*Asks:* 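A single structure is presented below for examination.
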Amino acid sequence: MKKRTFKLLTLAFLLTTVMYNCKKKEEPFPDSPDSALITEINAIEVEEITVTAPAAVTSTESSITASPKATATATALASVTAGNIPPAVTTTAAEFSSVLTPAEIATLKAVDATALASIQANGTLPAALKAIVDKIAADPILKAYLPTSVLPTVAGVSISGTRVAANELVEAIAAEEIKDECLQKAQAAFDAVKLKLDNKKTSETAKVTAAYTAATAPLAAAETDCKAAVTVKYATLATQVITIFATTQTTLESIKTILGPELYDVYTAILNAQLVGYLNAIYNLKAADLKACTAKTTAATNNAAAARTADMAKVNANYAAALAKAENRRLALLQSCHNQGGGN
């Protein structure tokens, strides 16, 4: 009986030993992701940009230059006295008479205040008068009696009075089912960092937008001031030109009997042709300068927009790079929730 009892106890001991050795050795899964990875993901930032200054708008001013021959003609007329008509006076008259017909000289002689006012107001010349002025401007000798002008330029483009005016990255994160506390903490760490990155992108975008606004906000007022200055400039210039020619016309009237009817008529035509040429040039330059004011605004706006586009590309690239790093660390955090446990 004792022998049988001993065998039963021995069997129970062996069975208990086998069951213990066969039991799987387990360690609990972690409650939190790897702290070093948390530190790494929290350190990820969107790199700040330095706002790009818009390129400066290059421009050159228009100009009008009086004809040296016209000045010499006025001087010669002023020196006419009884019995003394300088050769320059007769030479000039001969040059015009050889190119213009008597009818064209008569048309020029008939130019009155109404025609001059129309030229100043809208640059309009009667067809017959325009044809004569164009003929003088095309003649290699007579064109020297007209003023020369230089058109304004903006961004290297010549502006004439007849010129016609001128991706956000999308990020998606694959949804992952969160089943335990560690995974939830890993996802929360990523969400917090992504929110930080999103907020930084928003502030960087606002910085770029503010720079664009600061660059473009003054442009409308500057254009208005520019146009006002142009209007005053050319009104003053037209008044000065008319005054100068009125003085020369007074001189011509004072020597009318000395010159005789033929020379007097030719010189009346010459003075009117020069005055019409000046006023026409002034009108065209005024129109060109007014358009240059607008062109400067357009160019400055375009330059500011180009700077904004370049800066936003940097903002988006920096955000995408930071988010990619955060995504990488997010996966590492999720993996750390699984890899810290184990068994034999």
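Model, not experiment: these values are computed from the prediction.
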*Asks:* Decide if the gap between the ring center of Y145 and the ring center of F96 is smaller than 6.0 angstrom.
*Replies:* yes

*Asks:* State, to 0.1 Å, how close T301 and T216 come at their nearest heavy-atom pair, and which atoms those are.
*Replies:* CA-CG2, 4.3 Å

*Asks:* I'd like to know if K196 pairs up with E45 as an ion pair, taking the criterion as any Lys NZ or Arg NE/NH1/NH2 lying under 4.0 Å from an Asp or Glu carboxylate oxygen.
*Replies:* yes

*Asks:* Without hydrogens or angle criteria, can the side chains of S32 and K185 be said to hold a donor-acceptor pair below 3.5 Å?
*Replies:*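 S32 vs K185: donor-acceptor pair found between side chains.
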
*Asks:* Does K325, at its NZ atom, have more than 12 non-hydrogen atoms belonging to other residues, nucleotides or ligands within less than 6.0 Å?
*Replies:* no

*Asks:* Side chains of Y319 and T205: do they bring a donor and an acceptor to under 3.5 Å?
*Replies:*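 Absent: no donor and acceptor within the cut-off.
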
*Asks:* Quick one: closest heavy-atom pair of Y267 and T92, and the distance?
*Replies:* OH-CB, 3.3 Å

*Asks:* Go through the side-chain N and O atoms of K130 and T124 and say whether any donor and acceptor fall under 3.5 Å apart.
*Replies:* no

*Asks:* Looking at Y264, is K256 sitting on its ring face, NZ or CZ under 6.0 Å from the six-membered ring centre and within 45 degrees of the normal?
*Replies:*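 That pair qualifies as a cation-pi contact.
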
*Asks:* Can you find a heavy atom in the side chain of T148 that is under 4.5 Å from one in the side chain of K143?
*Replies:*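 In short, these two side chains do not touch, never coming nearer than 4.5 Å.
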
*Asks:* Using the rule that two of Ile, Leu, Val, Met, Phe, Trp, Tyr join whenever any of their side-chain heavy atoms come within less than 4.5 Å, decide whether L279 and I244 are in one cluster.
*Replies:* no

*Asks:* Please name the pair of heavy atoms, one in L197 and one in A326, separated by the smallest distance, quoted to 0.1 Å.
*Replies:*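 Shortest heavy-atom separation between L197 and A326 comes out as CD1-CB, 4.2 Å.
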
*Asks:* Would you tell me whether S67 and Q274 have side-chain atoms, one donor and one acceptor, within less than 3.5 Å of each other?
*Replies:* no

*Asks:* Is it the case that more than 12 heavy atoms not belonging to E47 sit under 6.0 Å from its CD atom?
*Replies:*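 12 or below, so no.
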
*Asks:* Side chains of Y212 and D311 only: does a donor on one sit below 3.5 Å from an acceptor on the other?
*Replies:* no

*Asks:* For a quick test of reading the model, state the closest non-hydrogen atom pair linking D139 to L142 and the distance between them.
*Replies:*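 Scanning both residues, the minimum pair turns out to be OD2-N, 2.9 Å.
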
*Asks:* Under 3.5 Å, is there a donor-acceptor pair between the Y234 and D289 side chains?
*Replies:*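 Yes, D289 and Y234 have a side-chain donor paired with an acceptor closer than 3.5 Å.
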
